[in-house]
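The structure appears below as structure tokens.
Each chain gets a letter, A, B and so on, in the order the sequences are listed, and its residues count up from 1.
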Number of protein chains: 4
Amino acid sequence: MKSQVSIRKKESKREEKKEQILQSAMTIFSRDGYYKADVEEIAALAQVGKGTIYRHFESKKGLFLGVVEWGIKIMKNTIMEAIEDIDSPIKKTTHAIKTYLEFFERHRNFYRVLIQEITGFREEVERIFRKKYLPHICLIEEELKRGIEIGVIKDINTSTAAYALIGLTNSIIYKWLISDKEYPLNNELDIILEIWLRGVMVKE
Amino acid sequence: MKSQVSIRKKESKREEKKEQILQSAMTIFSRDGYYKADVEEIAALAQVGKGTIYRHFESKKGLFLGVVEWGIKIMKNTIMEAIEDIDSPIKKTTHAIKTYLEFFERHRNFYRVLIQEITGFREEVERIFRKKYLPHICLIEEELKRGIEIGVIKDINTSTAAYALIGLTNSIIYKWLISDKEYPLNNELDIILEIWLRGVMVKE
Amino acid sequence: MKSQVSIRKKESKREEKKEQILQSAMTIFSRDGYYKADVEEIAALAQVGKGTIYRHFESKKGLFLGVVEWGIKIMKNTIMEAIEDIDSPIKKTTHAIKTYLEFFERHRNFYRVLIQEITGFREEVERIFRKKYLPHICLIEEELKRGIEIGVIKDINTSTAAYALIGLTNSIIYKWLISDKEYPLNNELDIILEIWLRGVMVKE
Amino acid sequence: MKSQVSIRKKESKREEKKEQILQSAMTIFSRDGYYKADVEEIAALAQVGKGTIYRHFESKKGLFLGVVEWGIKIMKNTIMEAIEDIDSPIKKTTHAIKTYLEFFERHRNFYRVLIQEITGFREEVERIFRKKYLPHICLIEEELKRGIEIGVIKDINTSTAAYALIGLTNSIIYKWLISDKEYPLNNELDIILEIWLRGVMVKE
DNA sequence: AATGAATGAGCGTTCATTCAT
DNA sequence: TATGAATGAACGCTCATTCAT
């Protein structure tokens, strides 16, 4: 009979292998895109057999969604941890964006996966987005609402404003990704805030 | 000897067929993405044989690039025509964004094609972008510069501000695309301008 | 009403066009082989429309067989004319081989067509062979028989001997075709005769 | 850990499957020629999936070259084994031709593959020929040279004479292949030797 | 549980042939 | 009669998925 300990050891080994696969998948998906990516190459990079991937994920599609979910979870945790102790709505939002930029600066691959052509199963990706990514936007919305309440933010459609901030930030990240010179992405934080905050803050 | 007239008739028929193909290709590419899209289905939708597509375009890739180029040309012309008579930098930019929104409201499919991430020939797509799309961003930059000169715009990095505006607008379009309810995209113009203009305009 | 003369003029113009097509087809078939050869390119080289080819020949296959037949006819005529006035069996055969070599030296393309992979319709090609080419071998056989009768040739299986001569000659032509240096094919006549004649002649 | 034995078992199974494919490919290539041959039919005949062929050969072309190489290797070995113990140049050559005839009598398909004219990669086929087939001709040349040295063969261009023998033999094989009645090819050995040897031997 | 050889549906592309002009 | 634009059957090759070991 297997002891609890050895079962747990096995479990953790299994998890480890799964992370290995997710990591490799992210690398390949970000380099080649969903359709061009080759499951065999992902397996080779993860140093497992092709069949093993199918023990952990239902299909190539499932693997891709797994990567998206995994990445979003890490991103969310990173941002949440970074801002949990901040109280001021403006400062909280500001720091969230800062952390967001830093996260993608460190994980360019994940951004490339996120903006991927995921046609054909947009629905599922969006379900993940809604479940895992949107709460993050809601966070901003909540802060905006709090900001409106305490009178530092204009009485604006918070949903659109939140999307605007994300979109604005994303386009800056995109510009950075396709640029040749490697300037620190963080430099752009000020201009993002300059533009966005001026727009949403009440005139002093 | 063929008359000039009959030659011209043939030419125009050829163009007509090419537009038919481009139109169908845009529909399918926007629904399925580049890789999933089936050339045979595009042909069927355009009511031509598969071979006919290859008389007009070198390959599936060439067809996709053709769609991108075609769409950008129409978009550019639409916007240019709409703003050519406007003088004030702020009004010009405002109206450009308005037309941009209206254009994608009418041609959602094209937007879906544009944001595709086609690995393996990102380079060519970007070459088209640089040649056909970026002048459009430059236009905004120029207006920003003029605005700075005449003192209605803050002395800001015009390139980043232009990207910010495009990104902000795009994210609003994206939000609209994935939304279930079909509210008019134009409604969002005000909030875009509210946010962005406040950010770039000098305080009154 | 069309005059006889103009009809005849038309007929000859038609024949001229057909020869143009045959000539072009031989060039392309010899360069590319049957399957790789492109009917469109043949048409372009003959300076006619693709459809015109199908007025003169039933199909690509028919065109190929036409080329074979046309070439064999010319070859046969060339050889026949060259040897008709010669009487001695040995001299007649010798001169036939000489003319054969000269013919292929001038028309390498035709040899390339003849040895082509004509699988799938070997039957038809062979029918042409039997009807147009074998009489030529029979000619040699007849000369051999006459030689046997008059006692200058050994009493040998004439069919095999004729094939042996043709095969021997063909292999020499093949060797010449694939060689880089362009030595005159005629040089090899002596060795062919040396080998073949010594073998078939009675010891003096 | 896999045992050496099971690895060896796998290897031999792989080789077995490869030979199955080569055998089927030879059958189809010989019946249809390179271009007409259908990879799917080859797979069906070998009782493997289409994909399996591409695990063993890079492409259809690679498969064809594989068949050529495989056949030549077997042919060479067969002939070499048959003549290695013979010393006299004349007898050695005689027996080589005999074995050559017997080989093709047993493997008509291979002959049909060999004489194919595959435009577009004649070069590669010839490289294999030069590496695998020409040594065989050289063998004859060497025997001829030895024969000249010891005075049983006339002082003749050995290269041309060797080609002559091969060509002569091949044309006999060709005649046999297209004949309806199935006479034993070996019957023709005597006449080949009669013609060729008498031609190259010094007059007694 | 892990593997990777085998599979075959699926798709891009070609090109002989047709037929409206 | 001559043309060449249009067609679609045909085929080589890929790669996600399966399954015997």
Side-chain angles (χ1 to χ4, degrees), chain A residues 10 13-14 17 34-44 47-64, chain B residues 2 6-7 9-10 13-14 17 21 35-44 46-63, chain C residues 10 13-14 17 34-44 47-64, chain D residues 2 6-7 9-10 13-14 17 21 35-44 46-63:
Chain A
K10 232 178 207 171
K13 210 169 184 184
R14 186 182 156 79
K17 201 153 257 184
Y34 176 75
Y35 279 99
K36 202 165 173 267
D38 182 345
V39 174
E40 187 148 17
E41 196 179 358
I42 292 172
Q47 292 181 313
V48 299
K50 224 185 320 178
T52 307
I53 287 187
Y54 285 86
R55 302 206 148 277
H56 289 274
F57 301 92
E58 207 181 87
S59 61
K60 187 186 184 183
K61 177 176 158 183
L63 176 57
F64 182 85
Chain B
K2 301 216 165 157
S6 78
I7 287 177
K9 214 187 274 172
K10 229 178 215 171
K13 208 170 179 185
R14 185 182 160 79
K17 201 149 259 182
I21 293 170
Y35 281 101
K36 194 163 178 271
D38 180 348
V39 175
E40 189 146 19
E41 196 180 356
I42 292 172
Q47 291 181 313
V48 299
K50 219 188 320 181
T52 306
I53 288 189
Y54 287 88
R55 297 186 69 60
H56 290 272
F57 302 92
E58 214 179 67
S59 62
K60 187 185 184 184
K61 175 177 160 182
L63 175 57
Chain C
K10 233 177 206 169
K13 210 169 184 184
R14 188 184 155 79
K17 200 152 259 184
Y34 176 75
Y35 279 98
K36 202 165 173 266
D38 182 345
V39 174
E40 187 148 17
E41 196 178 357
I42 293 172
Q47 292 181 313
V48 299
K50 225 185 317 179
T52 307
I53 287 187
Y54 285 87
R55 301 205 150 276
H56 290 273
F57 302 92
E58 208 180 86
S59 62
K60 187 186 185 183
K61 176 176 158 183
L63 176 57
F64 183 85
Chain D
K2 303 219 163 155
S6 79
I7 286 177
K9 213 187 273 173
K10 228 179 216 169
K13 208 173 180 184
R14 184 182 160 79
K17 200 149 258 182
I21 294 170
Y35 282 102
K36 197 165 177 269
D38 180 348
V39 175
E40 190 146 20
E41 196 179 357
I42 292 172
Q47 290 181 313
V48 299
K50 216 188 322 178
T52 306
I53 289 189
Y54 288 90
R55 297 186 69 61
H56 290 272
F57 302 92
E58 214 179 68
S59 61
K60 187 186 184 183
K61 176 177 160 183
L63 176 57

Please state how far atom [atom1] in [X] lies from atom [atom2] in [N], giving the value in whole angstrom units.
| X | N | atom1 | atom2 | result |
| --- | --- | --- | --- | --- |
| Glu41(D) | dG8(E) | CD | P | 16 Å |
| His56(B) | dA6(F) | NE2 | C1' | 9 Å |
| Ile53(C) | dT1(F) | CD1 | P | 17 Å |

Discussion item. Output one letter per nucleotide in nucleotides 10-20 of chain F: B when a protein non-hydrogen atom lies under 4.0 Å from the base, S when only the sugar-phosphate is that close, - when neither is.
Written reply: B-SBB-SBB--
Worksheet item: Quick one: side chain to side chain donor-acceptor pair (under 3.5 Å) partners of Glu41(D), sequence neighbours excluded?
Response: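 With sequence neighbours excluded, Glu41(D) shows a side chain to side chain donor-acceptor pair (under 3.5 Å) to Arg31(D), given in chain and number order.
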Worksheet entry | Residue whose closest nucleotide on DNA chain F lies nearer the 5' end, Gln47(B) versus Gln47(C) |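 Nearest-nucleotide comparison on DNA chain F picks Gln47(C).
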Worksheet item: If we only count heavy atoms from C-beta on, is the Leu63(B) to Tyr54(B) side-chain gap below 4.5 Å?
Response: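 No, too far: nothing below the 4.5 Å cut-off.
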Worksheet item: What's the spacing between Ile42(B) CD1 and Ile21(B) CD1 if we round to 0.5 Å?
Response: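 Output value for this atom pair is 9.5 Å.
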Worksheet entry | Contacts of Glu40(D) that satisfy side-chain contact (heavy atoms from CB on, under 4.5 Å) - sequence neighbours left out |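 With sequence neighbours excluded, Glu40(D) shows a side-chain contact (heavy atoms from CB on, under 4.5 Å) to Asp38(D), Lys50(D), given in chain and number order.
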Worksheet item: Nearest nucleotide by nearest heavy atom, which residue falls closer to the 5' end of DNA chain E, Val48(A) or Val48(D)?
Response: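 Here Val48(A) is the residue nearer the 5' end.
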Worksheet entry | Residue met sooner reading DNA chain E from 5', once Lys17(D) and Lys17(A) are mapped to nucleotides |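 Result: Lys17(A).
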Fill in: Donor-acceptor under 3.5 Å (Lys17(B) side chain, His56(B) main chain)
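Side chain of Lys17(B) to backbone of His56(B): no pair is present.
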Discussion item. For the backbone of Tyr35(D) and the side chain of Lys60(D), can you confirm whether one donor and one acceptor N or O come within less than 3.5 Å of each other?
Written reply: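 Yes.
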Worksheet item: Between which residue ranges does DNA chain E form stems of three or more consecutive Watson-Crick or G-U wobble pairs, both distances under 3.5 Å?
Response: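 So far as stems of 3 or more pairs are concerned, DNA chain E shows E:2-21 with F:2-21.
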Practice prompt. Kindly say if Thr52(A) contacts the phosphate of dA2(E), meaning a side-chain N or O under 4.0 Å from OP1 or OP2.
Written response: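 For Thr52(A), the contact criterion (side-chain N or O under 4.0 Å from OP1 or OP2 of dA2(E)) is not met.
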